[in-house]
Number of protein chains: 2
Amino acid sequence: MAPSAAVQRRARARTTHLTAMAGCPTHRVLDRMGDRWVSLILKELAAGPRRHGELARSVAGATQKMLTQTLRVLQRDGLVARTATDSVPPSVHYRLTPLGESLLPVLATVTRWAERHIDDIDAARAAYDRTP
Amino acid sequence: MAPSAAVQRRARARTTHLTAMAGCPTHRVLDRMGDRWVSLILKELAAGPRRHGELARSVAGATQKMLTQTLRVLQRDGLVARTATDSVPPSVHYRLTPLGESLLPVLATVTRWAERHIDDIDAARAAYDRTP
DNA sequence: CAGGATCCATTGCGATACTG
DNA sequence: CAGTATCGCAATGGATCCTG
């Protein structure tokens, strides 16, 4: 059967909102910060420039692929700068750009809220799971 | 061939960090906020309680399934409260809990940064993509 | 040392249909 | 009106191997 008019209308509305959302700055930024390794990498780089290998060790949860991939994205967004000396062996440093540093206070705000309220969240979960 | 000692050591380190990360409050909160529909739902509920249908309209980008699913997660985390009157037809309201409201300023901080710097990000991307 | 390329399991999410 | 259930795809991320 052909889709009803209502279904079509809703599908159009969804598409409209999806494209609108793709441009929403808040959503774009949250999407980045929510990426699995971003907050860890930013936190590590906040303490100073790091070599690829150093990051690989301190952000040990990430596979090499994800580390590089995440760094590329951050670099593309202008949050992280990459400096390579093409010697042998190669030596590559990553550091926060001023833009990246300006994000740190935001991250700190989230961290502060998280640490203050994580217990509330856990309590809420426990309560929710206890009563089916 | 059997995996080398180094590979095993690294795998263990990854596992250790993964479990550590799973408990990191910052990471857990960012993960939530980064969920595709969370910020939109919170923003909508910040303006006052909403019925399921109202949310479905204003957060039109989400399918009905994702809307319900996201609301459940938020409810479980204690950020959103659900009130149902089991009449016919049913009427269900969602509203922010005090915990949910306490998150709004954090969201506002992110929004402010995002709106101030989204142009920088776009410029950085354009520059990055221009030079392969 | 840094990181590209590949293969593969998982799953997030959309589409659709059905219920009280 | 609000919500559950099922199917299926496409993207995500992990393991592994290879190179300048």
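Every chain is numbered from 1, with letters handed out A, B, ... down the list of sequences.
At whole-Å resolution of the value, CZ in B/Arg14 and P in D/dG14 are 9 Å apart. Residue B/His93 contributes atom NE2, which lies 13 Å from atom P of D/dC1 at whole-angstrom precision.
Applying the ring-ring contact (aromatic ring centres under 6.0 Å, His included) definition to pairs two or more places apart or across chains, none involves residues 16-40 of chain B. A salt bridge (charged side-chain N to carboxylate O under 4.0 Å, His left out) check over residues 64-74 of chain B, counting only residues at least two apart or in different chains, returns nothing. Screening residues 71-114 of chain B for ring-ring contact (aromatic ring centres under 6.0 Å, His included) gives B/Trp113-B/His117 as the qualifying pairs, with residues at least two apart or on separate chains.
The stretch residues 45-84 of chain B touches DNA chain D through B/Arg51, B/His52, B/Gly53, B/Gln64, B/Lys65, B/Thr68, B/Arg72, B/Arg82, each having a heavy atom under 4.0 angstrom from the strand. The stretch residues 19-40 of chain B does not touch DNA chain D, since none of its heavy atoms comes less than 4.0 Å from the strand.
Between A/Leu18 and A/Val92, the residue anchored closer to the 5' end of DNA chain C is A/Val92, taking for each the nucleotide with the nearest heavy atom.
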**Q.** B/Leu71 and B/Leu55: CA distance, side-chain angles, deciding distance, side chain to side chain contact (heavy atoms under 4.5 Å, CB included) verdict
**A.** CA-CA 10 Å; B/Leu71 283 169; B/Leu55 282 174; 4.0 Å; yes

Q: I would like to know whether B/Thr68 and B/Gln64 meet side-chain hydrogen bond (donor to acceptor under 3.5 Å, both in side chains); could you show each step before the answer?
A: CA-CA 6 Å; B/Thr68 300; B/Gln64 188 273 335; 3.1 Å; yes

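At a threshold of 4.0 Å, the pair B/Arg28-B/Asp31 does not count as salt-bridged, since none of the basic side-chain nitrogens sits closer than that to a carboxylate oxygen.
Side-chain atoms of A/Thr15 come within 3.5 Å of backbone N or O of A/Ala11 as a donor-acceptor pair.
Nearest heavy atom pair, residue B/Ser102 against residue B/Pro105, reads O-CD, 3.3 Å.
A donor-acceptor pair shorter than 3.5 Å cannot be found between the side chains of A/Glu54 and A/Ser58. Side-chain atoms of B/Thr97 and B/Glu101 include no donor-acceptor pair closer than 3.5 Å.
Taking 4.0 angstrom as the limit, A/Tyr94 places none of its side-chain polar atoms (N or O) nearer than this to OP1 or OP2 of C/dC1.
In the helix from C/dC1-D/dG20 to C/dG20-D/dC1, the terminal helix axes, each the rotation mapping four pairs' C1' atoms onto the next four within five end pairs, subtend 40°, rounded to 10°.
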